[in-house]
Amino acid sequence: MPASYTSALAESLAPDVLARFLRYVRIDTQSRRDRTASPSTPGQLELGRVLVAELQEAGLDDARLDENGYVVGTLAGNAAANGLTIGLIAHMDTSPDAPGAGVQPIVHRGYDGGVLDLPREGTRLDPASMPELAEKVGHDIVTGSGDTLLGADDKAGVAEIMAGVAYMAANPDLPRPTLRVAFTPDEEIGEGATLFDVGGFGARCAYTLDGSDLGELQDETFSAVEAIVSIRGVDVHPGQATGKLVNALRLASQVVAALPSETLTPETTADREGFIHPYELSGTAAKAQIRLIVRDFDDELLAHHVALLERTAKRVTAAEPRARVEVKLREQYRNMRQYLNEVPNVTDAAEAAIRAEGIEPIRRPIRGGTDGSRLSEMGLPTPNIFTGGHEYHSVREWASVQDMAAAAAVVVRLAEVWSQDGDG
């Protein structure tokens, strides 16, 4: 049997959400690490231009794509909201962690609860190992073709905001504050908020739609550091290398092997436990590089993890005095909880909106980050709301149409909540 929607509003929004989502995911917006300009890739500008045109068509006449690749626009409020302005934010880019070009979305109507065999690369979505999928019997499930990302992270959020805002624009009598909409570039490489104009945005608070499970509401993220370990060796022809060669690539692999493997890894930690995650190893005998991310909810523990990484890299390379090692650190974002605790009504308003849609809110920390991490630190309190997408950053990525429609409905409910008394 087809799954029911969370409300009549969600059901009415579903066709628009799905149509937009299928349109957006076909545009390659994969971001690139080590960017030299904003955005890091031209596809993000292509999607940005599409979104500007659609916002203007919906009546947001000031919608524009700025010089740094940010889409911004305004839907004016009505008298009920007393001049209040809140923001709605999602990111346009997709992760560099899996192929992102040539996305061919597939809609599996009325999912029957079995294994979904995708047409390429032997990719399978098996509910036995995906409990979230097992819960979606009867839902319309959107996947990629098996060899690329789908792009639900975060084009589901983009589509939900667009559908919700277009619905409110077409129904001007619905109570709402002034809504500032923003779609950001390069969130997946930690740069989504870097050039965000908080003052110009002019909102009291904002909400990212960048979560996952139906009902998720998040006001806490990891604190995050990126580390790049660079090792220089001594390169010599292997036939003449006796006593001379210092293999940087071998040393780099020894650094990775010397890091904790039973603890402090993403695959062995859960809940509020942090980790050190090497995600890329490259190089030659002459020079090698390890890219890692270090995460924890507690800043003091994060500092301990970083120190452990530095000690390990230096200890391993110290065995070969001719080698040189350098560890570069870059703070990516901080746990947004400390900032959102100062304005509890902001998260309370989102919880009320989710309940108004007939959904029980799920309060859990994000084992990751969102634009809201940096934006909250920059003075724009920004909790995170679910989108209905799952298995992010992989070719197994999927999303439920019913849950995406629920998220779009929550956007409309959120506007109503903020209109009630101006305080959420």
Side-chain angles (χ1 to χ4, degrees), residues 31 70-72 85-95 152-158 160-161 164 179-213 215-225 272 293 295-297 299 302 331-354 361-389 392 407 410-411 414-415 417-418 424:
S31 50
Y70 292 75
V71 174
V72 290
T85 299
I86 67 167
L88 299 167
I89 301 171
H91 65 87
M92 296 180 287
D93 66 314
T94 59
S95 169
D153 181 12
D154 186 28
K155 290 170 186 172
V158 174
E160 291 152 9
I161 291 172
L179 298 172
R180 288 283 281 167
V181 175
F183 301 118
T184 63
D186 290 336
E187 188 268 358
E188 294 290 1
I189 58 171
E191 301 286 1
T194 300
L195 298 172
F196 193 100
D197 182 3
V198 170
F201 195 57
R204 176 189 293 190
C205 63
Y207 300 87
T208 51
L209 272 78
D210 193 17
S212 184
D213 291 336
E216 271 187 349
L217 172 59
Q218 296 154 326
D219 62 357
E220 185 172 12
T221 62
F222 276 140
S223 287
V225 170
R272 298 182 57 82
I293 56 174
R295 302 288 190 261
D296 208 287
F297 291 97
D299 288 351
L302 180 70
E331 182 179 305
Q332 294 178 298
Y333 52 84
R334 289 290 168 186
N335 189 339
M336 62 185 180
R337 182 67 173 269
Q338 58 188 304
Y339 309 105
L340 292 174
N341 277 347
E342 299 174 2
V343 283
N345 62 313
V346 172
T347 305
D348 290 346
E351 184 168 311
I354 292 170
I362 302 171
R363 299 290 292 271
R364 62 164 67 116
I366 309 171
R367 287 182 60 81
T370 71
D371 280 331
S373 304
R374 292 275 304 280
L375 292 173
S376 295
E377 184 178 0
M378 293 163 65
L380 181 65
T382 308
N384 189 46
I385 294 172
F386 72 94
T387 65
Y392 290 160
V410 167
V411 169
L414 187 62
V417 169
W418 276 107

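Because only heavy atoms are used, hydrogens play no part in the values below, and waters and symmetry mates are left out as well, while side chains stay in. By convention here, the first residue in the shown sequence is residue 1.
- In this structure, Leu179 CG and Trp418 CH2 are separated by 12.0 Å, a value rounded to the nearest 0.5 Å.
- At least one side-chain heavy atom of Val346 sits under 4.5 Å from a side-chain heavy atom of Pro383.
- Side-chain contact annotation: Asp371 with Thr208, donor-acceptor N/O pair under 3.5 Å absent.
- Counting heavy atoms from C-beta on, the side chains of Ile89 and Leu375 come closer than 4.5 Å.
- Formation of a donor-acceptor pair under 3.5 Å by the Tyr207 side chain with backbone atoms of Gly372 is not found in this model.
- Of all the heavy atoms in Gly87 and Ala203, the pair that sits closest is N-CB, 3.8 Å.
- Side-chain contact of His91 with Asp186: a donor-acceptor pair under 3.5 Å is absent, judged by distance alone.
- Between the CD atom of Glu188 and the OG1 atom of Thr94 there is a distance of 7.0 Å, given to the nearest 0.5 Å.
- The NZ atom of Lys155 sits 14.0 Å away from atom CD of Glu160, with the distance rounded to the nearest 0.5 Å.
- Of the candidates Glu220, Glu216, Glu351, Glu351 is the only one forming a salt bridge (Lys or Arg N to Asp or Glu O under 4.0 Å) with Arg363.
- Of the residues Val72, Asp154, Val158, Leu88, the one that meets the side chain to side chain contact (heavy atoms under 4.5 Å, CB included) test with Phe183 is Val158.
- Of the inter-residue distances, the one linking Tyr339 atom OH with Arg374 atom CZ reads 10.5 Å to the nearest 0.5 angstrom.
- Remark: the backbone N or O of Thr382 is paired with a side-chain donor or acceptor of Ser376 at under 3.5 angstrom.
- Heavy-atom minimum distance, Ser31 versus Ile189: OG-CG2, 3.7 Å.
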Step by step, work out the side-chain contact (heavy atoms from CB on, under 4.5 Å) result for Arg364 and Asp213. CA-CA 11 Å; Arg364 62 164 67 116; Asp213 291 336; 2.9 Å; yes
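- Taking the six-membered ring for Trp, Phe297 and Phe222 have ring centres closer than 6.0 Å.
- Here Thr221 contributes atom OG1 and Arg334 contributes atom CZ; the two are 10.5 Å apart, rounded to the nearest 0.5 Å.
- Nearest heavy atom pair, residue Phe201 against residue Leu380, reads CD2-CD2, 3.9 Å.
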Show the numbers, then the answer: is there a side-chain contact (heavy atoms from CB on, under 4.5 Å) between Asp210 and Gln218? CA-CA 10 Å; Asp210 193 17; Gln218 296 154 326; over 6 Å; no
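- Nearest approach of Thr194 to Glu191, heavy atoms of both residues: OG1-OE1, 2.6 Å.
- In this structure, Asp93 contributes its side chain and Glu187 its backbone to a donor-acceptor pair below 3.5 Å.
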Where do Ile293 and Val225 land on the side-chain contact (heavy atoms from CB on, under 4.5 Å) test, with the steps shown first? CA-CA 6 Å; Ile293 56 174; Val225 170; over 6 Å; no
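- Scanning all heavy atoms of the two residues, the minimum distance from Leu195 to Tyr70 falls at N-OH, 3.1 Å.
- When all heavy atoms of Ile385 and Ala350 are compared, the closest pair comes out as CD1-CB, 4.2 Å.
- Remark: Ser223 OG to Glu377 CD distance equals 8.5 Å, nearest 0.5 Å.
- A donor-acceptor pair under 3.5 Å links the side-chain atoms of Thr387 to the main chain of Gly211, judged by distance alone.
- At distances below 3.5 Å, at least one donor-acceptor pair connects side-chain atoms of Ser212 with backbone N or O atoms of Gly389.
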